[in-house]
There are 2 protein chains.
Amino acid sequence: MAERKIKNMEEFASVSGISRPTVSKYFNDPASVRQTTRARIEAALERYDYRPNVYAINQNRRLTKNIGVVVPYLADPFFAEIARIIERLIISAGFRPILLSSHGEQKLENDFLDGLRSLKPAGVLLAPLGRASDRGHIERFCKDVPTVLFDSNLDGIGEAFVGSDNSSFVSHTVEYLTRTGEPPCFFEMRNPANPNANKRRVAYVEAMERHGLEPHIIKIDGEGWAFEEIGHDGALRVLAEKSLPTNTVLCSNDRLAIGFLAACYEKGLRVGRGEGCALRVASHDDHPFSRFTCPALTTAAHDYESVSTKSVDTLLELVDSGERFTERAETLFPARLVLRASA
Amino acid sequence: MAERKIKNMEEFASVSGISRPTVSKYFNDPASVRQTTRARIEAALERYDYRPNVYAINQNRRLTKNIGVVVPYLADPFFAEIARIIERLIISAGFRPILLSSHGEQKLENDFLDGLRSLKPAGVLLAPLGRASDRGHIERFCKDVPTVLFDSNLDGIGEAFVGSDNSSFVSHTVEYLTRTGEPPCFFEMRNPANPNANKRRVAYVEAMERHGLEPHIIKIDGEGWAFEEIGHDGALRVLAEKSLPTNTVLCSNDRLAIGFLAACYEKGLRVGRGEGCALRVASHDDHPFSRFTCPALTTAAHDYESVSTKSVDTLLELVDSGERFTERAETLFPARLVLRASA
DNA sequence: AATAAAAATTTACGCGCGTAAAGAATTTTG
DNA sequence: CAAAATTCTTTACGCGCGTAAATTTTTATT
């Protein structure tokens, strides 16, 4: 290998005995050249490790092989997990994922989209911040770049939306909890950043009414993405006020529940469904850490795999066709109830 | 704004009344042109939203403004946190971070480095996988691209290393634990992927001997990066065998400890330093979730901010000088003991 | 073997910008 | 105000590759 340094495709073409345009064709799609030619090129590739210049390639392409993946908060293991799956799918489809985390900030989300646009990506997968998102900005971006939203929906924006069916999450948990004990109250942030939270609240109220029960919603204060802390502090307050209307608490999401459980532990309240338990706590998401809370958290699980796969497939369909969808499809995957010790 | 669509720098130069070379100079460094010229360009920028083509720029530059940031496992909130800080520092220094996660796989680490090389980055910050890293591959990469290692050291590789002083972590915890109760045994994976784990074990033995105590190391089985699960399963086994030589357990890292605490809870063992507690558990890292374990985890905290800042500063120094360091500096930051309820 | 179809080659141009050199304009200095 | 020092303009070339058109070579078909 590396018999001599190859500067550019011209040189590489000459040492491999093939013309440059054909070599160029090979690099765009190895299957598009004759088998014998391909073999010669790949033989040369063994001897001289040449790689085409990324920038020169992309300058002349209208679209690149880049796919942007923008998530609201990568330090949340939920997004880390889904990003991991998505990245893998993108790579195996022959594209290059560019992972960006907005860190909960509108300015970053906007900046990243602007940056992405000038990278001429084939498409973008966007999990928007939600309430904190700049709708107009994202809308303009989607005009330029084929974009599929996932996780959080922004009505009418993007070519499609793929996410989880929040009402399925809540139906599962409410049904289970009411069947096995006192009906749950609903524990959430007063002003949730994420639109899924609102859907879950609505679904909770509906589910309770369907069961002929009166809903109770407990709203706690707090801004930002430090959900565990917010849940913890909110729980301490609620427990101190003894304002829980029932012994069963359904948290809007697992990160709040993690905080809630920590607070219960501090206050010496035993959580679970057995004898001697003061409270039952359940939640939604199946956060990667929810198996390791004390007690382990009963929760409704996202179908991570399906959401990831469908998001990527939808975007690739868009990319391959080179067209936009005539109508905006919304795909929602149902939840799966995961019974653990907390409820 | 957007009075008409600007295609390229030529057009933008003409509408702003400045020559293209000068405009080019402006975009490379706005301070390098006369104040009045700069004002005219920026006025034009207000009216027509033009941005130079990224690919064309980078094709002609020997080095780009890209800085690669490679971490072993982004789904670990520890790395998510440090990556967040590093990204911010890089952006504010006027560079573009490219965040990559090896997901614990050597092949991905190698592929990402190869990919980065062809992006002609100004430099790279690399937290290597550790034992799973391909030393030769990384060494060759570092010959081509100025690289600063962080978190995990690989002896002699890269221009510098910035990390935490593992022996400081362990000194703090061992000193505290021996002072306030029974001396700790050390709980760790049998074949840790991360070199820091080895340093911590050695430091534990040294610290115990310094206190005139006999070290006890408990090695548990498990491969990969699912530390919580490994810690949990290992703890269940150790507890079942009643093989703990003392009532005080010092875990090699917080993620193992999270699993350990979950196992204790399941077995009904009360953890903490108060009356009625069967065990004390402490650990190292100050993982973002360690505040929310049950009980909250006593641990030795990384100085995230210092490690991040020093890593970025060191790399930027390298980048700005355009030279390599004559000798490879290793900077280690001490730990800070964080007392919580678990020990 | 003759013909049609497919694939490769040659030639040529363009992409958008960096950058060098030489001269013109502007600003700074004394 | 003149000279010196900056800064800008003009002109020109090159980067490495995509890609189109016309031609030649190779392969597949009957």
Side-chain angles (χ1 to χ4, degrees), chain A residues 4-45 48-66 94 96 115 117-122 322, chain B residues 4-45 48-66 96 115 117-120 122 322:
Chain A
R4 88 170 197 247
K5 203 71 189 168
I6 302 289
K7 267 182 37 191
N8 53 28
M9 195 179 279
E10 193 74 54
E11 261 188 49
F12 177 75
S14 91
V15 299
S16 61
I18 310 285
S19 74
R20 189 180 67 77
T22 304
V23 171
S24 167
K25 203 149 174 290
Y26 166 84
F27 279 110
N28 288 331
D29 178 9
S32 71
V33 303
R34 199 187 297 147
Q35 184 52 46
T36 56
T37 322
R38 178 170 175 176
R40 290 172 65 190
I41 293 177
E42 284 169 354
L45 227 34
Y48 314 83
D49 68 329
Y50 161 74
R51 301 182 61 166
N53 180 300
V54 194
Y55 300 108
I57 290 175
N58 289 329
Q59 174 169 15
N60 298 309
R61 273 198 187 311
R62 202 176 56 77
L63 289 182
T64 68
K65 287 280 189 181
N66 297 327
R96 215 182 82 80
R117 190 189 342 243
S118 57
L119 290 180
K120 299 189 282 187
Chain B
R4 86 168 200 251
K5 203 68 189 170
I6 302 289
K7 269 180 37 191
N8 53 29
M9 196 180 279
E10 194 73 56
E11 261 188 50
F12 177 76
S14 89
V15 299
S16 62
I18 308 285
S19 73
R20 189 179 68 76
T22 305
V23 171
S24 167
K25 202 147 174 288
Y26 166 83
F27 279 110
N28 288 333
D29 179 8
S32 71
V33 302
R34 197 187 297 147
Q35 183 52 44
T36 56
T37 325
R38 179 170 176 177
R40 289 171 66 190
I41 293 177
E42 285 170 352
L45 269 179
Y48 314 83
D49 68 328
Y50 161 76
R51 301 181 61 165
N53 181 300
V54 192
Y55 300 108
I57 290 175
N58 289 331
Q59 174 169 13
N60 299 311
R61 276 199 185 308
R62 202 176 57 78
L63 289 182
T64 68
K65 287 281 189 178
N66 296 328
R96 213 182 83 79
R117 184 179 358 230
S118 57
L119 290 179
K120 299 189 283 188

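Note on naming: letters A, B, ... go to the chains in the order of the sequence lines (proteins, then strands), and numbering restarts at 1 for each one. Everything numeric here is computed off the predicted structure, so don't read it as measured data.
The side-chain heavy atoms of B:T64 and B:R96, taken from C-beta on, include no pair separated by under 4.5 Å. No side-chain heavy atom of B:E11 sits less than 4.5 Å from a side-chain heavy atom of B:Y48. Proximity of B:L119 to A:Y55: side-chain heavy atoms (C-beta onward) are separated by under 4.5 Å at one or more points. Annotation: side chain of B:R61 is in contact with side chain of B:N28 (closest heavy-atom distance under 4.5 Å).
For B:P52, whose side chain is taken as the heavy atoms from C-beta onward, the closest listed nucleotide among D:dG16, C:dC17, D:dA20 is C:dC17. Ranking D:dC8, D:dG16, C:dT19 by closeness to the B:R20 side chain, first place goes to C:dT19. Of the candidates C:dA8, D:dC17, C:dG18, C:dG18 carries the atom nearest the B:N60 side chain, counting heavy atoms from C-beta on. Comparing C:dT9, D:dC17, D:dA12 against the side chain of A:S19 picks out C:dT9 as the nearest. Counting only heavy atoms from C-beta on, B:N28 has its side chain closest to C:dG18 among C:dG18, D:dG18, D:dG16. In this structure, of C:dC17, C:dT10, C:dT19, it is C:dT10 that holds the atom nearest to the side chain of A:P21.
Note on B:T37: a side-chain N or O is less than 4.0 Å away from OP1 or OP2 of D:dC8. The shortest distance between the side-chain N/O atoms of B:T22 and the OP1/OP2 oxygens of D:dC8 is not below 4.0 Å. Regarding contacts with the backbone of C:dC17, every side-chain N or O of B:S24 stays at 4.0 angstrom or more from both OP1 and OP2. For C:dC17, one of the phosphate oxygens OP1 or OP2 lies less than 4.0 angstrom from a side-chain nitrogen or oxygen of B:Y50.
Nucleic acid contact class of A:N58 (heavy atoms, under 4.0 Å, all strands): none.
For A:R62 and D:dG18, a side-chain-to-base donor-acceptor distance below 3.5 Å is absent, hydrogens and geometry of angles not being considered. Contact of A:R34 with D:dT25 (side chain to base): no donor-acceptor pair of N or O atoms is detected under 3.5 Å.
In terms of position along DNA chain D, the nucleotide closest to B:I18 lies nearer the 5' end than the nucleotide closest to the other residue of the pair A:V23 and B:I18.
Atom pair A:N53:CG and D:dG14:P shows a separation of 18 Å (rounding to whole Å applied). The separation between A:K120 atom NZ and C:dC17 atom P is 10 Å, rounded to whole Å. Computed from coordinates, the B:R38 CZ to D:dC8 P distance equals 12 Å when rounded to whole Å. Atom CZ in A:R40 sits about 12 Å away from atom C1' in D:dT26, given to the nearest Å. One atom, CD of A:Q59, and another, C1' of C:dC17, lie 7 Å apart when rounded to the nearest Å. Between A:I41 atom CD1 and C:dA7 atom P there is a gap of 14 Å when expressed in whole angstrom units.
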Between A:N8 and A:R20, does a side chain to side chain donor-acceptor pair (under 3.5 Å) hold up when you go through it step by step?
CA-CA 10 Å; A:N8 53 28; A:R20 189 180 67 77; over 6 Å; no
